[in-house]
Amino acid sequence: MSATPLIRLKDIAYVRLGTRDLALAESFATACLGLEVAERGAKSLHLRSDARAHTLCYVDDEPGYQVAGFEVECEDELDQAAAALEALGHRVHAGTAPQAAARKVRAFIGFDDPSGNRIELAVGPEHRGRRYFPTRDAAITGFNHIGLNSTDPQRDERFWTQVCNARVSDRIGDIPLMRINAIHHTIALVRAETAGVQHINHQVETPDDVLRAFYLLREKRVPIVFGPGRHPTSGANFVYFRGPDGMVFEYSCGVNEIADEAGHRPRLFSFEPSSLCMWGARPGGLIRGT
């Protein structure tokens with residue numbers, strides 16, 4: 001495999017989630033999560049968390065339908081990515097114009113990563129002229145990262161770091177925390193028996209906002225999965241909670257950035273609860289074996 005990454009990911013763009021209850025998904029996304037409804041369709045719900053037209057979309061489908069979308073720079077790079085993936089044995093499909101419009105991008109391709117996670121690479125995500133306006137004061141500053149299930153984290157790490165341009169910031173046991181820009185991590189690979197989106201993260205402004213969210217969510221009887229706490233890897237304050245169809249969401253703030261790209265060396269944290277939270281919060285089954 002080439003030492004030069006074949007695919008240059010620019011940013012994480014969106015997540016698409018299947019649900020059979022769009023009304024419940026909207027209620028949770030607005031009243032609990034604090035996103036803005038960008039567009040409400042008969043079979044879809046687009047939600048904003050930053051200047052982009054959407055970062056989360058619920059669609060009328062089985063809850064097992066989960067897609068993570070990443071942005072690449074231009075159509076040429078998208079074509080090159082498709083060719084590279086096909087050469088490596090991945091089945092690639094090009095999105096139609098209506099499918100691209102539904103994702104609010106100019107063009108995209110789709111494929112499965114080695115664990116079977118549905119991945120899309122997109123060009124030109126649509127932005128909005130007006131700023132993101134939340135339905136409640138969640139203090140969200142943007143869509144930040146996702147966890148992906150992995151049936152073989154070491155194999156999948158090679159895909160994301162050798163085929164794509166992700167770099168490992170730190171590891172917790174065999175869990176790599178990987179960045180595609182200066183932010184400590186955009187993708188975390190978590191060992192699991194099946195593919196899927198493991199969690200979805202939004203950044204908030206301050207630690208106070210994390211704690212305010214914790215008490216609001218608890219008042220609304222939203223299940224708290226993990227936290228409040230602080231990650232020793234990224235330095236972020238966090239709280240994880242469970243939404244519709246079992247999807248786990250996270251608020252965090254204060255995540256570290258990697259300033260010295262050339263000189264950074266990943267640290268290895270032992271696979272134990274204190275490597276996930278320096279304050280003593282326990283993951284409560286969020287990660288297998290904890």
Side-chain angles (χ1 to χ4, degrees), residues 12 14-15 17 19 21 23-38 40 45-52 54-58 128 130-147 177 182-186 188 190 197-257 273-287 290:
I12 186 165
Y14 55 79
V15 171
L17 299 176
T19 184
D21 194 336
L24 176 63
E26 179 173 347
S27 176
F28 170 81
T30 54
C32 299
L33 191 53
L35 302 185
E36 176 188 358
V37 175
R40 188 184 293 108
L45 176 71
H46 291 77
L47 298 148
R48 297 180 72 205
S49 60
D50 54 33
R52 290 170 289 190
H54 91 295
T55 52
L56 176 62
C57 181
Y58 280 101
R128 291 287 167 87
R130 61 179 177 82
R131 65 183 182 179
Y132 152 66
F133 190 79
T135 47
R136 75 168 186 83
D137 185 18
I140 291 174
T141 59
F143 175 38
N144 183 262
H145 71 257
I146 58 171
L177 306 175
I183 297 170
H184 182 272
H185 61 281
T186 309
V190 181
V197 176
Q198 190 255 358
H199 78 275
I200 298 170
N201 171 276
H202 293 88
Q203 290 291 291
V204 295
E205 291 179 2
T206 70
D208 287 346
D209 296 311
V210 173
L211 290 175
R212 273 191 284 266
F214 167 72
Y215 286 108
L216 181 142
L217 293 166
R218 197 168 67 170
E219 181 181 311
K220 290 182 177 293
R221 301 181 182 276
V222 174
I224 303 299
V225 178
F226 185 22
R230 190 176 184 202
H231 291 308
T233 49
S234 68
N237 298 93
F238 67 83
V239 63
Y240 293 77
F241 49 101
R242 199 174 302 279
D245 304 302
M247 179 54 63
V248 172
F249 292 84
E250 177 194 12
Y251 290 132
S252 66
C253 73
V255 63
N256 294 333
E257 295 190 0
S274 64
S275 297
L276 298 164
C277 178
M278 63 174 62
W279 293 349
R282 301 185 75 87
L286 177 63
I287 297 173
T290 60

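This structure is a prediction, so every number in the text was calculated from the model and none was measured.
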Mind checking the [atom1]-[atom2] spacing from [X] to [Y]? Nearest 0.5 Å is all I need.
| X | Y | atom1 | atom2 | result |
| --- | --- | --- | --- | --- |
| Ser274 | Arg282 | OG | CZ | 9.0 Å |
| His231 | Met278 | NE2 | CE | 10.0 Å |
| Asp245 | Asp21 | CG | CG | 8.0 Å |
| Asn237 | Cys253 | CG | SG | 4.5 Å |
| Glu250 | Leu286 | CD | CG | 8.5 Å |

Minimum heavy-atom separation for [X] and [Y], please, with both atom names.
| X | Y | result |
| --- | --- | --- |
| Ser49 | Thr55 | OG-OG1, 2.7 Å |
| His185 | Ser234 | CE1-CB, 4.0 Å |
| Ala138 | Gly34 | CB-CA, 4.2 Å |
| Pro283 | Leu276 | CG-CD1, 3.4 Å |

For residues 132-142, which residue pairs qualify under side-chain hydrogen bond (donor to acceptor under 3.5 Å, both in side chains), counting only residues two or more places apart or in two chains?
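Every side-chain hydrogen bond (donor to acceptor under 3.5 Å, both in side chains) pair that includes a residue of residues 132-142, provided the two are not neighbours, is Arg136-Tyr251.
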
Side chain to side chain contact (heavy atoms under 4.5 Å, CB included) evaluation trace for Leu47 with His54:
CA-CA 5 Å; Leu47 298 148; His54 91 295; 5.9 Å; no

Between the side chains of Arg130 and Glu36, is the shortest nitrogen-to-carboxylate-oxygen separation below 4.0 Å, so that they form an ion pair?
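Judged by the 4.0 Å cut-off on N to carboxylate O distance, Glu36 and Arg130 do form a salt bridge.
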
Partner of Met247 under side-chain contact (heavy atoms from CB on, under 4.5 Å), chosen from Val15, Thr19, Ile200, Leu56:
Ile200

Name all pairs fulfilling the salt bridge (charged side-chain N to carboxylate O under 4.0 Å, His left out) condition that reach into residues 208-219, sequence neighbours left out, sorted by first residue then second.
Asp209-Arg212

Would the Tyr58 and Phe28 ring centres measure less than 6.0 Å apart?
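Ring centres of Phe28 and Tyr58 not closer than 6.0 Å.
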
Looking only at atom types and distance, does a side-chain atom of [X] sit under 3.5 Å from a main-chain N or O of [Y], one as donor and one as acceptor?
| X | Y | result |
| --- | --- | --- |
| Arg48 | Asp50 | yes |
| His199 | Phe249 | no |
| Gln203 | His145 | no |

Stepwise, does the side chain to side chain contact (heavy atoms under 4.5 Å, CB included) test hold for Asn144 with Ile183?
CA-CA 9 Å; Asn144 183 262; Ile183 297 170; 3.7 Å; yes

Quick one: do Phe143 and Arg52 satisfy side chain to side chain contact (heavy atoms under 4.5 Å, CB included)? Show the steps, please.
CA-CA 10 Å; Phe143 175 38; Arg52 290 170 289 190; 4.1 Å; yes

4.5 Å side-chain heavy-atom contact, Gln198 and Ile287:
yes

Under a 4.5 Å cut-off applied to non-hydrogen side-chain atoms, are Phe238 and Cys277 in contact?
yes

Considering only distance and modelled atom types, tabulate donor-acceptor pairs under 3.5 Å from the side chains of residues 222-230, sequence neighbours left out.
from, atom 1, to, atom 2, distance (Å)
Arg230, NE, Gly235, O, 2.9
Arg230, NH2, Gly235, O, 3.4

Step by step, work out the side chain to side chain contact (heavy atoms under 4.5 Å, CB included) result for Leu217 and Cys32.
CA-CA 7 Å; Leu217 293 166; Cys32 299; 4.1 Å; yes

